[in-house]
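The next block holds one structure in the form of C-alpha cells; read it before the comments.
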Amino acid sequence: MSTTTPDSAPTDLILIRHGETAWNRELRFQGHADVPLNDIGHEQARRLGLRLAGETARHLISSDLMRAQQTAAPAAQQLALPVVTSVALREQHFGVVEGMRADEIQSQHPRAWEEWLEFREDHAMPQGESAREFHARVIGALGAVAAAHRGQRLIVVTHGGVLDMVWRTARGLSLSGPRQSEIPNAGFNRIRIADPAAPDAIEIVEWADTRHLADLPPQPTYDQRRHLKKD
Ligand SMILES: O=C(O)[C@@H](CO)OP(=O)(O)O
C-alpha cells in the first residue's frame, strides 16, 4: 500500500490562539510585544495539550512569540513533535501603541485611536501594520505551510488577529470593519485548504470550541470595538 499523499488531498490545519496573558486580561494591545502566559494561560495550554493528544497531527508550527510557543509546548510533549517557529505567524504589528489600553491610546494618540475605530483595511497604528498588509502576510504564510505539508494534518499556534483574517477570508468578508467571530484564548479551530496555490479558498470545519477549557475562569469579553470591555 502506498504511503504517499495524493496531490488532491486537502491540508487539515488545527488553528489555535495562544493561551491567556496578563495583557489579554488587562485588554492591552500586544501585537509583536513578547508577553508570557499567565497562570490561567498555562492551565489552558495544559488542557489543550491533552485534547490535541488525540489528533494524528504530523507537524506543530507556532508563531515565534513566547505566548504562542508556551501554548504549543504541552501539545508538543503529548505528540512527541518538535515545535517549528515562524515569524510570519505573529500577531498584527500595532507599532507605538503596543502595551497600551484603549483609554491610554485615546489620550496619548487621539488621532490614531479615532482612525482605529473606523476599522479601515488600510489603517495602521503609527509604526504598525495595516489590516491589508497583515492579511497578505498571514494568508501567504498559511498557504506556504499548506504547500509544504500538502494533504497532512498540522497544528498551528498563532494569534487572535490571524484567526480573524482566516475567518474573514473563508467567509468572503471585507478586511474593513470590526471582528465578527469569537476568538477565545486556547480555543480549538479546524480549517481545510484544498489547494495551497489558492489559500483564500478556506473551509471552516470547526470554530471557537472551548469544551476542553470548561470550569476555567471566564475570558475577558470584548464589544465590537476590540479592546473595550463589554460592560
Ligand atoms: O495583540 C493583541 O493584543 C491581540 C489582538 O488580537 O492578539 P493576541 O492576544 O491573540 O496575540
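Just so it is clear, the structure is predicted and the values come from calculations on it, not from any experiment. As the structure lists them, so they are numbered: ligands from 1, and atoms in each ligand from 1.
Per-residue contacts place Arg179 under 4.0 angstrom from the following atoms of ligand 1 (heavy atoms of the residue considered): 5 (C), 6 (O). Short contacts between ligand 1 and Gly161, defined as distances under 4.0 Å to a heavy atom of the residue, involve ligand atoms 6 (O). Taking a cut-off of under 4.0 Å to the non-hydrogen atoms of Phe94, the atoms of ligand 1 that pass are 1 (O). Near Gly31, meaning under 4.0 Å from one of its heavy atoms, ligand 1 places the atoms 1 (O), 2 (C). The ligand atoms of ligand 1 that sit less than 4.0 angstrom from a heavy atom of Phe29 are 3 (O). The ligand atoms of ligand 1 that sit less than 4.0 angstrom from a heavy atom of Asn24 are 9 (O).
Hydrophobic cluster membership of Val205, counting Ile, Leu, Val, Met, Phe, Trp and Tyr whose side-chain heavy atoms lie under 4.5 Å apart directly or via other members: none, as it forms a cluster of its own. Under a 4.5 Å side-chain heavy-atom cut-off, the cluster of Ile, Leu, Val, Met, Phe, Trp and Tyr residues that includes Leu60 is completed by Ile14, Ile16, Leu48, Leu52, Leu79, Leu81, Val83, Ile155, Val157, Phe188.
The CD atom of Glu115 sits 9.5 Å away from atom CE of Met125, with the distance rounded to the nearest 0.5 Å.
Under 4.0 Å is where a charged nitrogen must lie from a carboxylate oxygen, and between Glu104 and Arg28 at least one such pair does.
Arg25 forms no cation-pi arrangement with Trp23, by the criterion of a distance under 6.0 Å to the ring centre and an angle within 45° of the ring axis.
The aromatic rings of Phe119 and Trp116 are tilted relative to each other, their planes meeting at an angle between 30° and 60°.
Residue Arg28 places a heavy atom less than 4.0 Å from ligand 1. Assignment of Arg67 to the shell around ligand 1 is supported, since a heavy atom sits closer than 4.0 Å.
Residue nearest to atom 9 (O) of ligand 1, selected from Glu91, Arg17, His159: Arg17 (by heavy-atom distance).
Checked options His32, Arg67, Gln30, Met165; the residue passing with His159 is Arg67 (criterion: side-chain contact (heavy atoms from CB on, under 4.5 Å)).
At a heavy-atom distance under 4.0 Å, no atom of Thr21 approaches ligand 1.
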